[in-house]
Amino acid sequence: MSHRVLDVTAYTTFDYLQGGASGIDWDEEGVVVLDVESDEDDGVVRLSTELDPTDVQRLDQHADHVELFPEEARTLASTLREAADRAEEEDTDE
């Protein structure tokens, strides 16, 4: 991923996932970096994503982030586990 906004290091949560961006009348897909960090000073968990700028034509180079309080991060983690369990169940049913 060239000219990144997010630093991709050995500690990055997920480097090189598949993802995408959508607009009213367009969709583009590409490589995505996803990282989770905690900021003890602010008391938040930060979830950051960046779509590889070489994979998309309609977006300026940027990264997005969401800041979650610890309880919100736990709710997200629980919801992700439930969705992963359902996905595994559906996969084994086929």
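No side-chain heavy atom of L68 sits less than 4.5 Å from a side-chain heavy atom of V44. Side-chain contact between L59 and L51 is present, with heavy atoms from C-beta onward closer than 4.5 Å. Put simply, the side chain of T49 does not reach to within 4.5 Å of the side chain of H65, judged on heavy atoms.
A donor-acceptor pair under 3.5 Å links the side-chain atoms of D55 to the main chain of V31, judged by distance alone. Remark: the backbone N or O of T54 is paired with a side-chain donor or acceptor of D52 at under 3.5 angstrom. A distance-only check finds no donor-acceptor pair linking the side chain of E37 to the backbone of V45 [under 3.5 Å].
Evaluation of the side-chain contact (heavy atoms from CB on, under 4.5 Å) rule for D27 yields S22 as partners, not counting sequence neighbours. Here S38 pairs with nothing under the side chain to side chain donor-acceptor pair (under 3.5 Å) rule; sequence neighbours left out.
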Intermediate values then yes/no, side-chain hydrogen bond (donor to acceptor under 3.5 Å, both in side chains), T9 and D7: CA-CA 6 Å; T9 70; D7 289 330; over 6 Å; no
List the steps, then state whether side-chain contact (heavy atoms from CB on, under 4.5 Å) holds for L34 with Y16. CA-CA 8 Å; L34 184 139; Y16 310 116; over 6 Å; no
Kindly indicate, with the supporting measurements, whether the criterion side-chain contact (heavy atoms from CB on, under 4.5 Å) is fulfilled by E50 and H62. CA-CA 7 Å; E50 180 180 1; H62 75 288; over 6 Å; no
Evaluate side-chain hydrogen bond (donor to acceptor under 3.5 Å, both in side chains) for T13 paired with D35, printing each intermediate quantity in order. CA-CA 5 Å; T13 308; D35 196 28; 2.9 Å; yes
Below 3.5 Å, can you tabulate the donor-acceptor pairs from side chains in residues 71-84 to any protein atom, sequence neighbours excluded?
{"from": "E72", "atom 1": "OE1", "to": "F69", "atom 2": "N", "distance (Å)": "2.7"}
{"from": "T75", "atom 1": "OG1", "to": "E71", "atom 2": "O", "distance (Å)": "3.1"}
{"from": "T79", "atom 1": "OG1", "to": "T75", "atom 2": "O", "distance (Å)": "3.0"}

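Taking both residues in full, the closest heavy atoms of P70 and G43 are given as CD-O, 3.3 Å, listed atom of the first, atom of the second, then distance.
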